[in-house]
Amino acid sequence: QGHRVPPRVVALPQGDDAWRDAVTLLRAEAEQADGAGKGALLYASARIAARRLDQVDLGEALLRQAIQAGEDSTDALRLLAELRGLLDRFTDQEQALLQVAQASTGVNRAEAYLEAALIAWQQRDRPNEAVVYLREAAKAVPQDYTTRALLRALLPTVSGTTLTERMDVL
């Protein structure tokens with residue numbers, strides 16, 4: 001029977017100072033890394049900065065660096081959208097959600113388009129764009145009630161929509 005190696009136990013940092021040290025260490029490691037490794041280290045530091053230290057500006061900046069270094073996962077893009085929303089950068093939030101939608105399929109695609117529609121409609125007062133995004137969400141998951149309900153609510157307010165288009169949503 002082979003020799004079993006126990007899993008390595010890593011203690012999570014305790015307190016803000018330890019989390020700040022973790023961000024500093026990850027950033028230093030990222031400077032020495034390249035490619036996907038650099039992106040992953042910067043992504044980890046961005047998550048800690050935003051989630052544990054409540055430093056949304058720093059988290060967003062580190063996340064942009066992570067994406068530039070090749071960390072282009074939908075998780076990274078979704079976090080970028082979230083942080084930009086917290087910073088009241090709604091145009092940038094909408095764009096990040098569109099990137100998530102384009103990189104996703106099925107329910108994840110529909111969810112990203114739905115979130116982009118809500119930003120376009122409620123934060124940017126752009127109902128026409130919201131309708132475009134909601135139609136994309138409906139293509140991804142045609143049976144989604146929320147998307148269809150929002151389309152029913154928005155279509156009458158958008159100029160150029162026909163009665164047939166509005167009836168198709170019912």
Side-chain angles (χ1 to χ4, degrees), residues 7-141 144 146-147 150 154:
R8 194 167 96 176
V9 177
V10 178
L12 291 175
Q14 300 295 319
D16 284 354
D17 288 340
W19 286 113
R20 268 191 283 286
D21 291 345
V23 169
T24 300
L25 177 65
L26 287 166
R27 291 174 75 183
E29 289 290 325
E31 288 181 21
Q32 304 302 313
D34 58 356
K38 181 175 186 163
L41 290 164
L42 288 167
Y43 175 61
S45 66
R47 286 188 55 172
I48 293 169
R51 301 259 192 244
R52 297 291 182 169
L53 299 175
D54 201 27
Q55 293 182 3
V56 177
D57 286 328
L58 176 60
E60 194 269 345
L62 290 168
L63 199 48
R64 276 188 287 112
Q65 291 174 24
I67 291 168
Q68 287 174 345
E71 179 58 50
D72 60 354
S73 68
T74 54
D75 288 339
L77 293 169
R78 190 167 282 290
L79 180 58
L80 183 65
E82 178 186 331
L83 297 181
R84 287 178 169 174
L86 291 172
L87 294 168
D88 292 338
R89 292 177 44 200
F90 300 117
T91 300
D92 294 334
Q93 180 183 27
E94 182 182 324
Q95 291 307 310
L97 286 166
L98 293 176
Q99 287 180 287
V100 171
Q102 292 163 0
S104 301
T105 59
V107 173
N108 292 330
R109 182 180 185 92
E111 182 180 272
Y113 273 124
L114 180 59
E115 289 180 43
L118 291 172
I119 298 302
W121 180 25
Q122 295 178 343
Q123 300 297 333
R124 302 191 60 227
D125 194 28
R126 297 177 65 169
N128 291 2
E129 283 83 354
V131 166
V132 170
Y133 303 153
L134 288 169
R135 285 182 172 150
E136 290 299 321
K139 286 180 195 173
V141 181
D144 183 58
T146 303
T147 299
L150 287 171
L154 270 176

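Numbering of residues begins at 1 and proceeds along the displayed sequence.
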Can you list everything that forms a salt bridge (charged side-chain N to carboxylate O under 4.0 Å, His left out) with R126? Sequence neighbours excluded, please.
E129

Residue pairs fulfilling salt bridge (Lys or Arg N to Asp or Glu O under 4.0 Å) with at least one residue in residues 28-49, sequence neighbours excluded:
none

Kindly state each residue pair satisfying side-chain hydrogen bond (donor to acceptor under 3.5 Å, both in side chains) with at least one member in residues 53-71, sequence neighbours excluded.
E60-R64, E60-R84, E60-R89, E71-S73

Quick one: pull up NZ in K139 and CG in D144 and give me the separation to the nearest 0.5 Å.
15.5 Å

Would L79 and R51 count as a side-chain contact (heavy atoms from CB on, under 4.5 Å) if you check the C-alpha gap in whole Å, the side-chain angles of each, and the deciding distance to 0.1 Å?
CA-CA 10 Å; L79 180 58; R51 301 259 192 244; 3.4 Å; yes

If I take atom OG1 from residue T146 and atom CG from residue L134, how far apart are they, to the nearest 0.5 angstrom?
10.0 Å

Starting at CG of D92, measure out to CG of L87 and round the result to the nearest 0.5 Å.
9.5 Å

From L41 CG over to L25 CG, what is the distance, rounded to the nearest 0.5 angstrom?
9.0 Å

Hey, are the side chains of T147 and V141 touching, using non-hydrogen atoms and a 4.5 Å cut-off?
no

Give me the atom names and distance for the closest heavy-atom approach of V23 to A49.
CG2-N, 4.0 Å

Mind checking salt bridge (charged side-chain N to carboxylate O under 4.0 Å, His left out) for D125 and listing every partner two or more places apart, or none if nothing turns up?
none

Note: F90 and G85 closest approach over all heavy atoms is CE2-O, 3.8 Å

Listed by chain and number, what are the side-chain contact (heavy atoms from CB on, under 4.5 Å) partners of Q122, not counting sequence neighbours?
L118

What are the two closest heavy atoms between A66 and G39, and how far apart are they?
CB-O, 3.4 Å

Within a strict 4.5 Å, meaning less than it, do heavy atoms of the L150 and V131 side chains meet?
no

If you look at every heavy atom in A46 and G59, which pair is closest and at what distance?
CB-O, 3.4 Å

Output for pair (T91 OG1, R124 CZ), nearest 0.5 Å, gives 3.5 Å

Can you give the donor-acceptor pairs under 3.5 Å from side chains of residues 99-112 to other protein atoms, not counting sequence neighbours?
| from | atom 1 | to | atom 2 | distance (Å) |
| --- | --- | --- | --- | --- |
| S104 | OG | V100 | O | 2.7 |
| R109 | NH1 | A101 | O | 3.0 |
| R109 | NH1 | S104 | O | 3.3 |
| E111 | OE2 | R78 | NH2 | 3.3 |

E94-Y133 side chain donor-acceptor pair, cut-off 3.5 Å
yes

Drop me the distance from E136's CD to L98's CG, to the nearest 0.5 angstrom.
9.5 Å

Note, L63 side chain near L42 side chain (heavy atom, < 4.5 Å):
no

Side-chain touch D75/Y43, heavy atoms, less than 4.5 angstrom
yes

